[in-house]
Structures are given as C-alpha cells and as structure tokens.
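Report on one structure; see the data block that follows.
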There are 2 protein chains.
Amino acid sequence: MTASNAVAGESRSGPSPGGPRNALIRRLGHFAALSTDEQALLLHHCAQARTYPAQADLVREGESPDGILVVLEGFACRQQYRNNGARQITAYLLPGDLCDWDPALGGRLDDAVSTLSPCRAARIPREALLREALGPHSGLERALRMSHLTDESTLREWVVNIGCRSAVERIAHLFCELHVRLTAVGLAAETGFDFPLTQNDLAVTVGLSDVHVNRSLQALRRERLIALKSRHLTILDWDALVDLAEFNPAYLRFGRFPVS
Amino acid sequence: MTASNAVAGESRSGPSPGGPRNALIRRLGHFAALSTDEQALLLHHCAQARTYPAQADLVREGESPDGILVVLEGFACRQQYRNNGARQITAYLLPGDLCDWDPALGGRLDDAVSTLSPCRAARIPREALLREALGPHSGLERALRMSHLTDESTLREWVVNIGCRSAVERIAHLFCELHVRLTAVGLAAETGFDFPLTQNDLAVTVGLSDVHVNRSLQALRRERLIALKSRHLTILDWDALVDLAEFNPAYLRFGRFPVS
DNA sequence: CGCAATCTTGAGAATGCTCAAAAGTGGTGG
DNA sequence: CCACCACTTTTGAGCATTCTCAAGATTGCG
C-alpha cells in the first residue's frame, strides 16, 4: 500500500489508550452499553469493510442505499451540489459515524455521501440488524438512536455556526467539534489530530471561500491557537479556541451514557 | 378574543379544501395512512392544547420537556442564543409540526422552542402514545418516523441555504419551503399565505442582518416575484421564485405516502 | 525532475453589516 | 375619534467582511 492510499486512522496517533477497538463499537459505546453479542455482531459486519480512495462516492445523490453505512477509517461527508457547481458539506462522517438509512422513507437520500480522504467503510444490512439485535431493550438500539439524535444536534449546531459566526469563529468551532469527536474514538491526542482535508473542503463546510479560509487560518496561527501543517492539526491553546468559538460540547453527548 | 390574541390558522384562508381537520392529523396523513383509532387518539390529546402569545417560550434551552410538543396554530421555532445576544433560528414549527423528544437522550434539549406568533400548542405524553398506539406496524409510528426524518432533511437543506446561497436566494428558498409546508396542512392558497414573522425573524432565520433582509425583500418585490404586506405573503411568480432559489421540494417528502 | 494539486499572496470589487434616523403600523387608552 | 406608544419597516451613508480573479510559491507524488 503506497502512502497515497494509506487510510487515516491509528497511523500517527498510535494505538489509542482507550483500547484498540473498532471505531464503531467505540463510538456507540459512549451512548449505551453494548453486550458482547452485540459487539460481536457489529465486528462481524465491519469485517466486510471496503477501502475507498479519496473523492469517491459512497452513495450518490438520490440513490437508495442498501443498508447502514459505517465509516471505520478516514473522513467522509454528506454534501449537496448546486447547479452552478458550488457544493455544501452538511455533515462529516468520521470513523465510527454512520449514515443510517431509515427504510420508512422508501428510497432516496437527498445528498451524496463521498469520501474526503481515503476511507474504509462497511455496510450493515438493516434487516440483519433488526432480526438479530434490535429490540425494545437492546443497548444497540438505544445507541443507534442516540447516535442519530446526536447527528441531528450536530446539524443544528452547524446551522448556528454558519448562520451567525464570523469566519474565524466558524473554523475554530469546527476544530473544537472535530477534536471532541475524534477523541471519542481514540483518534485525537490532547495536542491535536490528523486532519486530511484541504482548505477547500473546509471552505465548503463552513460556507466561506477557500481564499478566505486560508486567511482565517493564518489569523488562528498568528494568535497561536493552532498549527496546521502537512495534514496534522496541532491545538496550541484549547481554552482560547473554545472561548473564541463559544464551543459547548454538550450537543455531542459524549458525556458517557444517558445520565437521565 | 382581540385581534392581537388571534392565532393564525384557518382565519384568512377560510376553511381549507382538503377538509377542516386538525393540522397534525393532516400533516401526518401525508406520511402514512392513519387508522380512525389513531386519529381519534391524536385528536384527544390535541384537545388539551393551550394558547400562547407571541414570543413565549414553549421549552427553554436545556430543559427536558415532558412529551411530544405539537404546534396546532401559529408559527413557532427552535432557536439558540449566543453570548453576544445574537440568535439563530434552526427550525420553524408550523401547524402540524412536532418537536419530538426522544427519551433515549435522558434530558436536555439544546435549543429553546419559542413562539414567533401567537400559537396553539399541545403536549402529547410519550408513554401514552407508546402504550396505546405505537407498534411495529402502526401507521402512526411510521408517520412519526417519517416526520422526524423530514425535519432532519429540512435542517440539512437549511445548512445548504445559509451556507452557499446569496441573500435573495436564501429568502426565496425559505418562501418556497414555507409555501409547500403550509399547503400541506391547508394553510396556503396558490397565491400565497399568512406570514406573521417580522423581518428580523427572517434575518435570524437565514443568517443575515435585518436591514439587508429588508433590501433583499425590496429586490424580490421589484422583480415582481412576491408581495409582502400586512403579514401576508403573496406569491406573484412561483416559477421564477423556484427557479431563483433552485428549490426542489423532494426533501419535504409530501409526495404522498412512502412510494417505495 | 516534473507534474498536479494545494496553499499563499495581492488587488480590486461585491456583498452584507452597523449605526442612526425617519416613516409607517397597529393597538391602547383617554 | 384621536393621540400616543411601541414596534416594525424603510432609507442613507460609511465601513467591514468576504469574494473573485489571477498569479506565484510550495508540496508531495510518480
């Protein structure tokens, strides 16, 4: 495997302290306790994961995917295209994230799911899960539901981010969010994390031009809040970053299990 | 009841052609067929509806609401406040819309639910619904799920709207969306609909300043796409509006029942 | 080494913002 | 019925932020 095909993951951060487990299990484990059987089932389905290069479509716009899509390594996203060629990313799919696909809709996803970096992703057939693991009192069911609700909260937070924050604040907020999310699956150190996106991807995420993102990044570097070089983001001053972005991680709900 | 307390609803449009039914039943009916029992159950719970003035909080930020919130008349919204006092609306709750509240989360809503105009709203206790009506093959269950997924698609569409459209396009897109959503519950005519929001509300929705919203509205009027006067929006050129906004109603999923 | 993609820089222009004041609107009470 | 009040809409002017276009520098890969 050449370097360009390498998939972001445990590579740089090394085996993570929380246990070298599957990112999906690790993430869902934040939302509810999973039984050994449930974990085995997930592992089994993840074994079928495929590798995708960067810029690959996992699900095309309007297509009806055949199961739950799980990203295990790399950064993917959901995005929509406008007629003039502009695009907008509406969500990141990080390792452990899934793109559930409720059959109640009977078809059609309204945005495309694409990789931003090389990825490893699996599809879990929905019926199999329903048959074997989902029941009213299943931890897996609870975890999946929580995961979905969290995705929705995140989306809402993105509306706020794009709708009423300045360029620098938007980027700072995104970095904070990514740090928390990646930490939850053992892919971030306190000091930073691998960040495979281009400035253009970033621009399309926060609703700015890439030139302006570049200048905003320079501002963040000048203030010594971050360093961003060769696909690695170093967080130099977490508190200042949180402060600048008015970041409150509550919406990510990684506060360990539903505390009620 | 004085005019200022009057609640938007069937008032101006008169009894609607689709039947003078409850907005909730009407909306959910687009997503799945509801049995007579299910309809009766919903009607029963809606009978407890309370009236709220404009600018009232239905659920405060961080609060844990005690059931599913249903708006029956008027415009409400979900919104978040920033430290500097700025706010961002993340969703409109129109008649028939609901703010489901999954107990899996065990508490805390991350934004506040407030009325934008005088409203009538009810709360449906979740357990009652579960006990009496929700089952794997219940139409109501399907409808509620669809409704939730539609809300999520709408949110995604808002990210796109705010993230990569110009001021005029954003407003046009919002008007198109509102027209389709209100039509679905019988609150819009082909020519337009009652629109109780201020230009400031609009601004906070699409991420612009109110002054700029005012000027963008003037542009839309100048081009004879709309008229907006005394809380009523008249659509003068629907096709041009749709064209300008690149509006595609598919995400609202009012295409009649899950067509598979 | 050379190519392609990405990042950086500059300069001018457009879009949208802020502040402030004036004009319009509708409801309330005298 | 009128006057007043609060709120909303409209207008103007200057400014800040962000965008576009275009060129040059850097990076990493083949």
Side-chain angles (χ1 to χ4, degrees), chain A residues 1-6 8 11-12 53-55 75 82 84-88 116-118 161-172 194-222 226-233, chain B residues 1-6 8 53-55 75 82 84-88 116-118 161-172 194-222 226-233:
Chain A
M1 186 192 286
T2 72
S4 78
N5 280 336
S11 52
R12 193 155 182 159
Q55 262 60 276
F75 281 37
R82 289 193 56 190
N84 63 12
R87 65 184 171 122
Q88 173 70 42
L116 292 169
S117 73
N161 202 32
I162 299 176
C164 66
R165 274 194 262 262
S166 72
V168 184
E169 290 166 351
R170 289 184 211 182
I171 295 171
D194 287 343
F195 182 72
L197 308 192
T198 67
Q199 293 183 4
N200 182 51
D201 292 329
L202 215 44
V204 169
T205 304
V206 294
L208 296 167
S209 72
D210 42 9
V211 172
H212 199 62
V213 163
N214 181 288
R215 293 189 163 119
S216 303
L217 285 174
Q218 290 178 47
L220 287 172
R221 284 190 269 240
R222 205 177 316 120
I226 61 156
L228 176 54
K229 204 175 180 196
S230 51
R231 316 272 109 138
H232 189 86
L233 180 79
Chain B
M1 185 192 289
T2 71
S4 78
N5 280 336
Q55 262 60 275
F75 280 37
R82 289 193 57 189
N84 63 12
R87 63 183 172 124
Q88 174 70 43
L116 292 169
S117 73
N161 202 34
I162 299 176
C164 68
R165 276 194 260 262
S166 72
V168 184
E169 290 166 351
R170 288 184 211 183
I171 295 170
D194 287 343
F195 182 73
L197 308 194
T198 67
Q199 292 183 6
N200 182 50
D201 292 330
L202 260 180
V204 170
T205 305
V206 295
L208 296 168
S209 72
D210 42 10
V211 173
H212 200 61
V213 163
N214 181 287
R215 295 191 162 117
S216 303
L217 285 173
Q218 291 178 46
L220 286 172
R221 285 192 268 240
R222 204 177 317 121
I226 62 156
L228 176 55
K229 204 176 181 194
S230 52
R231 316 270 111 136
H232 188 85
L233 180 78

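Numbers restart at 1 for each chain; the letters A, B, ... are given by sequence-line order, proteins then strands. A quick note: this is a predicted structure, and the numbers were derived from the prediction, not measured.
- A sub-4.0 Å separation between OP1 or OP2 of dT9(D) and a side-chain N or O of Gln218(B) is absent.
- One finds no side-chain N or O of Arg221(B) lying less than 4.0 angstrom from the OP1 or OP2 phosphate oxygen of dT9(D).
- Between atom CG of residue Leu217(B) and atom CD1 of residue Ile171(B) there is a gap of 5.0 Å, rounded to the nearest 0.5 Å.
- How far CG of Leu208(B) is from CG of Leu202(B): 9.5 Å, rounded to the nearest 0.5 Å.
- Asn200(A) places its CG atom 13 Å from the P atom of dT8(C), with the value rounded to the nearest Å.
- In this structure, the separation between CZ on Arg170(B) and OG1 on Thr205(B) is 11.5 Å, given to the nearest 0.5 Å.
- With rounding to whole Å, His212(A) atom NE2 is found 14 Å from dA14(C) atom C1'.
- Separating the CG atom of Asp210(A) from the C1' atom of dT20(D) is a distance of 10 Å, rounded to the nearest angstrom.
- For the pair Arg231(A) CZ and dT27(D) P, the computed distance is 12 Å after rounding to whole Å.
- Backbone-only engagement by Thr198(A) is indicated by non-hydrogen atom pairs under 4.0 Å involving sugar-phosphate atoms exclusively.
- Nucleotide dT17(D) holds its P atom 11 Å from the CD atom of Glu169(A), rounded to whole Å.
- Across dT6(C), dT18(D), dG10(C), the shortest atom-to-atom separation from the side chain of Val211(A) is found for dG10(C).
- Residues Leu228(A) and Gln218(A) form no side-chain contact, since every pair of their non-hydrogen atoms from C-beta on lies 4.5 Å or further apart.
- As judged by a 4.0 angstrom heavy-atom cut-off over every strand, Leu217(B) is placed among residues making no nucleic acid contact.
- Here the P atom of nucleotide dG16(C) and the CD1 atom of Ile162(B) are 13 Å apart, to the nearest Å.
- Between Gln199(A) and the phosphate of dA5(C), there is no side-chain N or O to OP1/OP2 separation shorter than 4.0 Å.
- Note: NZ (Lys229(A)) to C1' (dT27(D)) measures 10 Å, nearest angstrom.
- Phosphate proximity of dT17(D) to Arg165(A): absent, as no side-chain N or O sits under 4.0 Å from OP1 or OP2.
- The distance from atom NE2 of His232(A) to atom C1' of dG28(D) is 18 Å, rounded to the nearest whole Å.
- Atom CZ of Arg231(B) sits about 6.5 Å away from atom OG1 of Thr198(B), to the nearest 0.5 Å.
- Asn214(A) has no side-chain polar atom (N or O) that falls below the 4.0 Å cut-off from OP1 or OP2 of dC7(C).
- Contact annotation: Arg215(A) does not reach the phosphate of dA11(C) (side-chain N/O to OP1 or OP2, under 4.0 Å).
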